[in-house]
Number of protein chains: 2
Amino acid sequence: MPYDPSAFPPFAVTVDLVVLTVRRHALCALAVRRGEPPFQGRWALPGGFVRADEDLAQAAARELAEETGLRAHDPSVPAQDNGAHLEQLATYGDPKRDPRMRVVSVAHLALAPDLPAPRAGGDASNARWAPVEELLQQTGYGRDGEPVAPLAFDHAQIVSDGVERARSKIEYSSLATAFCPPQFTVGELRRVYEAVWGVALDPRNFHRKVTGTPGFLVPTGGTTTRQGGRPAQLFRAGGATLLNPPMLRPEV
Amino acid sequence: MPYDPSAFPPFAVTVDLVVLTVRRHALCALAVRRGEPPFQGRWALPGGFVRADEDLAQAAARELAEETGLRAHDPSVPAQDNGAHLEQLATYGDPKRDPRMRVVSVAHLALAPDLPAPRAGGDASNARWAPVEELLQQTGYGRDGEPVAPLAFDHAQIVSDGVERARSKIEYSSLATAFCPPQFTVGELRRVYEAVWGVALDPRNFHRKVTGTPGFLVPTGGTTTRQGGRPAQLFRAGGATLLNPPMLRPEV
DNA sequence: GTGTTTATCGTCAAGCAGACGACTATGATC
DNA sequence: GATCATAGTCGTCTGCTTGACGATAAACAC
């Protein structure tokens with residue numbers, strides 16, 4: 001088939017980001033307020049058009065840096081830097097998902113440690129970390145009493161898919177460490193699991209499990225009391241990416 | 001931002017299909033021979049452009065029907081029909097993946113029972129079930145002595161990702177039944193696992209595991225001797241989609 | 001009948017998970 | 001400084017699941 005642009009319909013391709021973090025014991029996603037129609041004034045996921053010479057992962061990393069200042073952690077480089085985990089999530093292409101034109105959005109999932117206040121072009125009021133339960137409830141009032149409008153476009157579905165991916169993936173991988181600072185304690189890691197899954201875990205069994213899994217955690221030698229109580233050993237993420245046997249999510 | 005087509009670069013969007021089945025104890029993928037440049041004469045995955053009014057899943061289901069005659073099993077309809085399992089796999093958008101133009105391909109994964117001979121527009125010589133190891137080796141000779149050329153475009157990567165998805169997903173879901181006919185025996189299901197994972201499983205432990213997992217298998221009452229030996233009970237897939245605890249893939 | 005093939009049931013030991021007791025080491029409070 | 005609250009860490013015990021494997025059952029081929 002020769003190059004014939006009339007042979008296929010043109011699409012706009014965007015990347016949208018589900019950036020998750022754990023703040024105050026709650027799983028939160030980054031939301032930005034839309035400045036233009038459609039859905040003007042409503043909250044949405046950060047994202048933007050893929051440029052003509054850009055790979056999808058590059059576009060996602062660029063948007064992530066623009067919105068949060070985070071560098072994406074290239075998974076092909078095993079060196080543990082401070083970058084966020086970034087992976088492709090899914091692609092959304094309903095013909096009516098954007099009323100203006102035909103847009104296919106390649107959603108990406110980013111996991112980041114707790115960050116300073118978000119920025120969106122320097123305007124803090126137009127970006128916030130929102131608890132995912134608040135974003136996913138169709139209507140009602142948020143914790144601060146502000147009425148909650150549904151997310152723009154199909155972004156509620158995308159957030160839901162991203163949260164589900166994160167919830168299942170920390171079961172059988174060491175990805176939960178992506179929510180932690182470079183050095184962290186077993187208790188901090190446990191609170192990540194508790195926030196993402198929304199359950200309480202037994203501290204003793206959790207400690208036995210994570211310290212007993214080879215390659216999951218590497219002690220750095222230091223200790224900290226930043227959580228109060230007895231000083232806790234500090235660890236960094238080990239090289240293992242797959243947990244076998246997996247961490248079991250409690251039922252019900 | 002008003003609708004300004006010059007504000008974003010136009011993309012072509014395609015769907016490509018990784019259609020897997022188990023034939024003669026080997027995991028096979030459907031490959032079609034390309035009739036036009038680029039990569040003319042080389043094997044590739046079936047696929048095509050997404051139409052202007054089509055959802056991505058619709059486009060994938062349409063391509064699947066065109067290439068194999070299979071109807072996609074809509075996961076929102078729990079009725080067990082004879083359709084194939086179809087799910088989105090990942091999206092590939094390297095700027096240079098198609099030398100003609102900027103193409104973003106939304107790959108889908110389909111799992112089907114063993115089928116009669118494939119067809120590609122009625123021409124059997126242009127479609128075949130190829131063992132995935134054969135497709136994935138970069139060069140060399142296939143089982144029939146025919147020299148093996150790498151798949152067109154980035155399709156080897158897509159097949160690799162699809163196979164890995166299938167291998168991991170049958171661990172913790174009942175998806176392996178998608179490779180089986182509507183009624184099947186425990187031994188047939190075990191041979192699916194063995195072919196997909198490329199390992200031998202203990203028949204006794206496998207039998208205990210699958211029959212002991214509630215909702216996985218439902219006995220139909222019938223028996224069959226089509227595999228030889230003692231008659232085996234026939235089952236159909238139960239309603240359970242998640243296996244807990246999962247089926248463990250042997251190491252090494 | 002004998003052998004072969006496949007299916008199915010049972011047994012046993014090792015390992016892991018969940019429940020939970022006990023102890024340790026810090027900071028906060030009186 | 002004693003006491004308390006908080007968080008971390010080490011053990012123990014019980015039940016369940018797994019992996020290895022013996023034994024039996026029911027068909028077909030000869």
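Below, chain A is the first sequence line, B the second, and so on; all start at residue 1. Small disclaimer: the values here were computed from a predicted structure and weren't measured.
Among dC16(C), dG18(C), dT9(D), the nucleotide with an atom closest to any side-chain atom of P245(A) is dC16(C). Checking dT24(C), dT18(D), dA27(D) against the side-chain heavy atoms of L248(B) singles out dT18(D) as nearest.
Heavy-atom distances to DNA chain D give each of G229(A) and N205(A) a nearest nucleotide, and the one nearer the 5′ end belongs to G229(A). Ranked by how close their nearest DNA chain D nucleotide is to the 5' end, G228(B) and P246(B) are led by P246(B).
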Open item on the list: Go through it in stages, so that I can follow the logic: the residues are K169(B) and E164(B), the test is salt bridge (Lys or Arg N to Asp or Glu O under 4.0 Å), and I'd like the CA-CA distance, side-chain angles, deciding distance and then a yes or no.
Closed with: CA-CA 8 Å; K169(B) 209 154 178 181; E164(B) 184 47 41; over 6 Å; no
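Per the geometry, CE belonging to M247(A) stands 14 Å off P belonging to dC16(C), to the nearest Å. If you measure from atom CZ of F206(A) to atom C1' of dC16(C), you get 16 Å, rounded to the nearest angstrom. Taking atom CG of residue D202(A) and atom C1' of nucleotide dA7(D), one finds them 13 Å apart after rounding to whole Å. When the C1' atom of dA7(D) is taken as reference, atom CZ of R191(A) falls 8 Å away, rounded to whole Å. Rounding to whole angstrom units, CD of residue Q233(A) and C1' of dT26(C) are separated by 15 Å. The CG-C1' distance, from L234(B) to dA27(D), rounds to 14 Å in whole Å.
Residues I170(B) and M247(B) share a closest heavy-atom pair of O-CB, 4.4 Å. Of all heavy-atom pairs between D16(B) and L45(B), the closest is OD1-O, 4.4 Å. The two residues V22(B) and A195(B) come nearest to each other via the heavy atoms CG1-CB, 3.7 Å.
Evaluation of atom-type donor-acceptor distances gives a pair under 3.5 Å for the side chain of R230(B) against the base of dA7(C). In this model, a side-chain donor or acceptor of R208(B) finds a partner on the base of dG19(D) within 3.5 Å.
Nucleic acid contact class of R226(A) (heavy atoms, under 4.0 Å, all strands): none.
The phosphate of dT18(D) (OP1 or OP2) has a side-chain N or O of K209(B) nearer than 4.0 angstrom. Side-chain nitrogen and oxygen atoms of R190(B) include none within less than 4.0 Å of the OP1 or OP2 phosphate oxygen of dT8(C). Distances shorter than 4.0 Å separate none of the side-chain N or O atoms of H207(A) from OP1 or OP2 on dG8(D). Between dA25(D) and R204(B), no contact under 4.0 Å exists linking OP1 or OP2 to a side-chain N or O.
Judged by a 6.0 Å distance limit and a 45° cone about the ring axis, R167(A) is not positioned over the six-membered ring of W197(A).
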